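The structure under discussion appears below in the form of structure tokens.
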There are 2 protein chains.
Amino acid sequence: MTDTGLPASIEAAWGAQRPTRGPKRALSLDRIVAAAVAVADADGLDALSMSRVAGELGTSAMSLYRYVSAKDELLTLMTDAIFIDAAAVTSSDWRPALTELAWGCLRAYRAHPWAVRIPISGPPVTPHQLRWLETGLAVLSPTPLTAAEKMSTLLLISGMARNDATLANDLGAQDNLMPTYAQTLGRILPPQDFPHLLAILTTPVMTQDDHPDVEFAWALARILDGLAALITTKSE
Amino acid sequence: MTDTGLPASIEAAWGAQRPTRGPKRALSLDRIVAAAVAVADADGLDALSMSRVAGELGTSAMSLYRYVSAKDELLTLMTDAIFIDAAAVTSSDWRPALTELAWGCLRAYRAHPWAVRIPISGPPVTPHQLRWLETGLAVLSPTPLTAAEKMSTLLLISGMARNDATLANDLGAQDNLMPTYAQTLGRILPPQDFPHLLAILTTPVMTQDDHPDVEFAWALARILDGLAALITTKSE
DNA sequence: CGAAAGTGCGTACGAGATAAACAGTGAGGG
DNA sequence: CCCTCACTGTTTATCTCGTACGCACTTTCG
């Protein structure tokens, strides 16, 4: 492996070999990332400071900088770690397999709501994310789609999962948010300018929070329908 | 308008009336938000500090807190301001109209790349964003979709625009990023474990950056195809 | 015409990321 | 065998930034 241009911590996530000199390390990247994920799961991204993570591990903040050169890298590794189980696929048909991939992705985001708030810093370079992509390409390989179309499909699906999780988390954080929200809108909207929005507020759909899975399943079905149409066309 | 539960700055964005007592204000919310947007456009979100924005306006940082109670509110207003022209629609057919809305949304994100990095803090409560939603609902009102389906459709589309902009901005920031990226992957991927990914790297699709608009148009077409199928089904 | 509400702003504090310097450690070359 | 030096964890210090607080000034209403 020649120079990859990647930060050392990312290379370490791929299992780069350690130098042999010097004292043994007291920690490991995995433990640090796991601790960081635990902190974020427990108290959110705002509570995720280097000192807090170090505290959980019983060391000092600066120790972490022997493993990660900046907090951003830690965040990148965290967003990779949550996808360990996202690429599990049982079917070999493209449609059910893509469905599994989509839900795997969504499951990761749902289990770790903070992940969607971490800005994407570049193209995927971490193991689990690339594993997900690889699996997706494998699943789509029997289809007549072009390489670009396969890529677009996967980016669309992962983006949709990310997007759905964003909405589900930030919108549905509180329990009876929708009634409150409807009330707020009812009070702030100039009535004559927003007729459709005001009308929909009285719909039971808006006043009760429906299960977020339904929304995702619906959107996914739309996309896969569109894709199926394209595949059928290209197959003829 | 009784109590909306919204921050004062958001109510101000809706044109709430000012108290009459006290000296006249030297600034206005609009000017502050515009200055903040200009800073972010010029130097990115990282350069956006309260003092920087105040500096551009010739006042002190703390003055801004008379208009906005926290930086988060300023960010919220910034993400609203960029959508001024996003809801312009000429057609009344649902498909072309939705296309216009989608591109309007994407245009906003493309013109202000930093916007996608601002975490969503809750359901939309700001004028331009709700205007976009209202327009979308109006456009979909002749269709046989349920209220929930209309809402899902619009959230899916706006999410897709956001998502596409995220990718386009963060991935394509540099000019010849793709060749570099392909090289990086080629060096970091364990060859036997990622056959499809490695194979696609040699595809011209991946080695040259294609116009990002193509990707969005493609994904949008998939979604609208899926939607059209549903509408046809429900119409019978 | 005061009081009260409202304004801009200087000061100060606290949190947090991280650079720099330092003392201990242990594998490999002589 | 031991010394060297790459490597380790840590302590201390710095710098940036958001924002609470309080002060002095300015309007308008009772």
Side-chain angles (χ1 to χ4, degrees), chain A residues 7-9 11-12 16-33 35-36 39-40 42-78 114 117-119 121, chain B residues 7-12 16-33 35-36 39-40 42-79 114 117-119 121:
Chain A
S9 59
E11 291 188 358
Q17 73 286 16
R18 303 253 73 240
T20 158
R21 293 284 254 279
K24 301 204 169 62
R25 310 189 109 182
L27 299 170
S28 73
L29 239 198
D30 286 341
R31 283 191 60 204
I32 293 176
V33 173
V39 168
D43 297 334
L45 262 198
D46 291 339
L48 188 87
S49 65
M50 295 302 269
S51 14
R52 171 70 187 277
V53 175
E56 303 288 328
L57 292 167
T59 57
S60 71
M62 290 311 292
S63 313
L64 306 185
Y65 285 92
R66 293 288 180 197
Y67 299 80
V68 162
S69 77
K71 192 186 181 182
D72 280 6
E73 287 181 16
L74 179 56
L75 292 177
T76 300
L77 293 171
M78 289 170 68
W114 42 266
R117 300 191 45 178
I118 297 181
S121 56
Chain B
S9 59
I10 306 289
E11 291 188 359
Q17 73 286 17
R18 303 253 75 240
T20 159
R21 295 282 255 279
K24 304 207 166 60
R25 311 189 110 181
L27 299 170
S28 72
L29 238 199
D30 286 340
R31 284 191 59 204
I32 293 176
V33 173
V39 168
D43 296 334
L45 262 197
D46 291 340
L48 188 88
S49 65
M50 295 301 271
S51 12
R52 171 72 186 276
V53 175
E56 303 287 329
L57 292 167
T59 57
S60 71
M62 290 313 292
S63 310
L64 305 185
Y65 285 91
R66 291 286 180 198
Y67 299 79
V68 162
S69 76
K71 193 186 182 183
D72 280 7
E73 287 181 16
L74 179 55
L75 293 177
T76 300
L77 293 170
M78 290 170 68
T79 60
W114 43 265
R117 299 191 44 177
I118 298 181
S121 56

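Naming: A, B, ... by sequence-line order, numbering from 1 per chain. Keep in mind that this is a model prediction, so the values were computed, not measured.
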Nearest-0.5 Å distance, OG1 of residue A:T59 to CZ of residue A:R66: 12.5 Å
Flag the pair A:D72 / A:S121 as yes when at least one side-chain heavy-atom distance between them is below 4.5 Å, and no otherwise. no
Quick one, B:L48 and B:L75 - any side-chain contact, counting heavy atoms below 4.5 Å? yes
For the pair A:W114 and A:R117, evaluate side chain to side chain contact (heavy atoms under 4.5 Å, CB included) and give the outcome as yes or no after the intermediate values. CA-CA 5 Å; A:W114 42 266; A:R117 300 191 45 178; 5.6 Å; no
First-last contacting nucleotides on DNA chain D - partner chain B, under 4.0 angstrom, heavy atom: D:dG18 to D:dC29
NA contact type, B:R52, heavy-atom cut-off 4.0 Å: base, sugar-phosphate, or nothing? nothing
C:dG8 phosphate, OP1 or OP2, under 4.0 Å from B:Y67 side-chain N/O: yes
Correct closest heavy-atom pair for A:D43 and A:R52 would be OD2-NH2, 2.8 Å
Could you pull out the closest heavy-atom pair between A:A40 and A:M78, with the gap in Å? CB-CE, 3.9 Å
Atom pairs under 3.5 Å, N or O on each side, protein against nucleotides 13-16 of chain C: can you list them with distances?
none

Tightest non-hydrogen contact, residues B:A54 and B:L64, listed as N-CD1, 3.9 Å
C:dC9, OP1 or OP2 - any side-chain N/O from B:S63 closer than 4.0 Å? yes
Please report the closest heavy-atom contact between B:L27 and B:Y67, naming both atoms and the distance. N-OH, 2.9 Å
What is the distance, to the nearest angstrom, from the CD atom on A:E73 to the P atom on C:dA17? 14 Å
Can you check each nucleotide of nucleotides 22-30 of chain C against protein heavy atoms at under 4.0 Å and return B for base, S for sugar-phosphate only, - for none, in 5' to 3' order? --BBSSS--
Is a side-chain N or O of B:R18 found less than 3.5 angstrom from the main chain of B:R25, in a donor-acceptor match? no
Which atom of B:I10 lies closest to which atom of B:T76, heavy atoms considered: CD1-CG2, 4.0 Å
Please report, rounded to the nearest Å, how far the P atom of C:dA17 is from the OH atom of A:Y65. 6 Å
Could you tell me which non-hydrogen atom of B:P7 sits nearest to which non-hydrogen atom of B:E73, and how far apart they are? CB-OE2, 3.1 Å
Given DNA chain D, 5'-ward residue of the pair A:M62 and B:S69, judged by closest heavy atom: A:M62
